[in-house]
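All values reported here derive from a predicted model rather than from experimental measurement.
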Amino acid sequence: MRKRSLISAAAALAAVGGATFAYASLIERNMFTLRRFDVPVLEPDAEPLRILHLSDLHMMPDQRRKQEWVAGLIGTDPDLVVVTGDNMSSPYAVPGVLRALEPLLDVPGAFVFGSNDYTGPVLKNPLQYLLPDWEYVHGAELPYDDLRAAFTDAGWADLNNARTVIKAGGRSIELVGVDDPHIERDDYPSVAGPISAGVDLHLGVTHTPASRVLDPMAADGFELLLAGHTHGGQVCVPGYGALTTNCDLPTRMAKGLHRWPGSDAWLHVSAGMGTHPTAPIRFACRPEASVLTLIPR
């Protein structure tokens with residue numbers, strides 16, 4: 001009797017596990033979701049400004065549904081588009097990325113790259129993300145220069161260890177960004193310094209929300225910081241949240257809008273649109289894009 005009970009329990013557990021995996025891999029990872037946040041960073045009486053924040057597309061050439069959904073975000077009527085990296089998961093993904101972003105390339109925009117813009121993913125054990133220290137392994141080189149050229153030819157600002165001022169939504173916006181801290185390509189000291197006077201808004205941009213980058217950006221006076229990388233945890237525990245952020249960001253800040261500790265800056269972390277192709281699942285963490293409506297303080 002006890003043996004039969006154990007077999008029945010094991011069978012039930014396996015069925016639940018199989019159903020959960022099927023849901024996470026076939027359904028939730030395709031449940032593209034638009035998040036909306038109001039961010040009080042503008043001067044009193046200023047008109048709202050809409051930022052479309054995209055991250056972690058991890059595009060594969062055949063992901064037409066994702067491409068069409070992203071292209072449809074032009075309907076949100078953004079004043080500015082910010083892309084925080086990890087656009088590709090294949091050497092053949094550039095056309096798919098551009099198909100997704102083509103309608104948005106006519107809008108003022110800015111971008112930084114993530115590790116999976118430079119090199120492709122490799123097969124790995126997803127449990128290693130729970131370890132405090134693990135060695136990053138690079139895959140095949142990706143055509144990042146082709147993607148960079150397409151973005152800059154459209155007029156988007158390349159913020160990989162760069163700083164600039166652009167016009168968007170009738171406002172002047174100072175932007176500072178770094179290349180991906182996850183693979184130690186960041187060089188914030190080369191672009192650091194107090195925010196410029198006489199500019200309407202100041203934004204800091206990074207792929208990985210590493211504190212060594214976010215702390216000085218906030219200290220320099222940048223009011224809103226944008227990042228991706230975390231996938232929101234990708235596989236979360238309902239009622240608890242993310243188990244890891246794959247960086248030193250606290251898990252409670254794995255996605256969404258938060259105050260950056262010890263400063264007046266806001267941080268928005270996108271849970272992103274894609275998944276690692278060797279772990280194509282999401283659970284309790286839908287793929288997402290965000291519209292940030294900046295409003296008066």
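Taking a 6.0 Å sphere around CG of Asp264, one finds it holds 12 or fewer heavy atoms contributed by other residues, nucleotides or ligands.
Judged by distance alone, with hydrogens and angles left aside, the side-chain atoms of Asp56 form a donor-acceptor pair with the main-chain N or O of His229 at under 3.5 Å. Here the side chain of Glu288 pairs no donor or acceptor atom with the backbone of Ser270 at under 3.5 angstrom. Using modelled atom types, one side-chain atom of Thr33 and one backbone atom of Met31 make a donor-acceptor pair closer than 3.5 Å. Asp117 contributes a side-chain N or O that, together with a main-chain N or O of Gly114, makes up a donor-acceptor pair within less than 3.5 Å. Side chain of Ser90 to backbone of Tyr92: a donor-acceptor contact under 3.5 angstrom is found. Of the possible polar contacts, none joining the Glu223 side chain to the Leu201 backbone as a donor-acceptor pair under 3.5 Å is found. In this structure, the side chain of Asp86 engages the main chain of Asn116 through a donor-acceptor pair within 3.5 Å. With hydrogens and angles ignored, the 3.5 Å screen pairs a side-chain donor or acceptor of Gln234 with a backbone N or O of Ile281. Distance alone, capped at 3.5 Å, places no donor-acceptor pair between the Lys66 side chain and the Met59 backbone. In this structure, the side chain of Arg50 engages the main chain of Asp77 through a donor-acceptor pair within 3.5 Å.
Under the 4.0 Å criterion applied to side-chain N and carboxylate O atoms, Asp79 and Arg171 are not assigned as salt-bridge partners.
Annotation: side chain of Leu257 is in contact with side chain of Trp266 (closest heavy-atom distance under 4.5 Å). Side-chain contact check for Ile74 versus Val107: some heavy-atom pair is nearer than 4.5 Å. A 4.5 Å side-chain heavy-atom check between Leu243 and Val237 finds at least one atom pair inside the cut-off. Side-chain contact check for Leu52 versus Val291: some heavy-atom pair is nearer than 4.5 Å. Here the side chains of Leu54 and Leu73 are in contact, with some heavy-atom distance below 4.5 Å. Side-chain atoms of Met253 and Pro261, non-hydrogen and from C-beta on, do get closer than 4.5 Å to each other. Here the side chains of Ile51 and Val39 are not in contact, with every heavy-atom distance at 4.5 Å or above. Residues Leu224 and Trp260 fail the side-chain proximity criterion, which asks for heavy atoms closer than 4.5 Å.
No path of Ile, Leu, Val, Met, Phe, Trp and Tyr side chains, each step under 4.5 Å between heavy atoms, connects Ile166 with Ile195, placing them in separate hydrophobic clusters. Side-chain heavy atoms closer than 4.5 Å link hydrophobic residues (I, L, V, M, F, W, Y) into clusters, and following such links, even through other members, never connects Val112 to Ile183. Linking Ile, Leu, Val, Met, Phe, Trp and Tyr residues whenever their side-chain heavy atoms come within less than 4.5 Å leaves Val213 and Val205 in two separate clusters. Residues Leu203 and Leu214 fall into different hydrophobic clusters, defined by Ile, Leu, Val, Met, Phe, Trp and Tyr side chains chained together at heavy-atom separations under 4.5 Å. Side-chain heavy atoms closer than 4.5 Å link hydrophobic residues (I, L, V, M, F, W, Y) into clusters, and following such links, even through other members, never connects Met60 to Val70.
In summary, of the residues considered (Asn246, Thr245, Thr208, Thr251), a side-chain contact (heavy atoms from CB on, under 4.5 Å) with Thr230 occurs for Thr245 alone.
Of all non-hydrogen atoms in His207 and Ser55, the two that sit nearest each other are ND1-OG, 4.4 Å. Across every non-hydrogen atom of Val165 and Ser172, the tightest pair is CG1-CB, 4.3 Å. Nearest approach of Gly233 to Ala254, heavy atoms of both residues: N-CB, 4.4 Å. The shortest heavy-atom contact between His53 and Leu226 is CE1-CB, 4.0 Å. Val94 approaches Pro143 most closely through the heavy-atom pair CG2-CG, 3.6 Å. In plain terms, the two heavy atoms of Met273 and Ala289 that are nearest each other are SD-N, 3.9 Å.
Leu175 contributes atom CG, which lies 8.0 Å from atom CZ of Phe222 (distance to the nearest 0.5 angstrom). Atom-to-atom distance recorded for Asn87:CG and Arg148:CZ is 11.5 Å, nearest 0.5 angstrom. Taken from CG in Asp215 to CG in Asp220, the straight-line distance is 11.0 Å, to the nearest 0.5 Å. Rounding to the nearest 0.5 Å gives a distance of 6.5 Å between CG of Asp180 and OG1 of Thr206. Expressed to the nearest 0.5 Å, how far CE of Met88 lies from OG1 of Thr119 amounts to 9.5 Å. For the atom pair Arg259 CZ and Leu225 CG, the distance stands at 11.0 Å (nearest 0.5 Å).
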Checklist line | Steps toward side chain to side chain contact (heavy atoms under 4.5 Å, CB included) verdict (Arg99, Arg64) | finding: CA-CA 9 Å; Arg99 191 178 299 115; Arg64 291 301 184 108; 3.4 Å; yes

Next item on the list: Output, in order, the C-alpha distance, side-chain angles, deciding distance and verdict of side chain to side chain contact (heavy atoms under 4.5 Å, CB included) for Arg35 and Arg286.
Entry: CA-CA 10 Å; Arg35 309 288 187 195; Arg286 294 183 180 185; 4.3 Å; yes

Margin query: Applying side chain to side chain donor-acceptor pair (under 3.5 Å) to Asp248 and Ser211, what does each step give before you reach the verdict?
Written below: CA-CA 7 Å; Asp248 66 352; Ser211 60; 2.4 Å; yes

Next item on the list: Assess whether side chain to side chain contact (heavy atoms under 4.5 Å, CB included) is satisfied between Val82 and Leu159, documenting all intermediate values.
Entry: CA-CA 10 Å; Val82 178; Leu159 297 178; 5.9 Å; no

Next item on the list: Starting from the C-alpha separation in whole Å, work towards a yes-or-no answer on side chain to side chain contact (heavy atoms under 4.5 Å, CB included) for Ile173 and Leu49.
Entry: CA-CA 11 Å; Ile173 303 174; Leu49 181 85; 3.9 Å; yes

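Note on ring orientation: taking the six-membered ring where Trp is involved, the planes of Trp156 and Phe111 are tilted (angle from 30° to 60°).
Within the cation-pi definition used here (under 6.0 Å to the ring centroid, within 45° of the axis), Arg185 qualifies as a partner of Tyr118.
Checking Asn160 against Tyr144 by side-chain atom types alone, no donor-acceptor pair falls below 3.5 Å. No hydrogens or angles considered: nothing links the side chains of Asn161 and Ser190 as a donor-acceptor pair under 3.5 Å.
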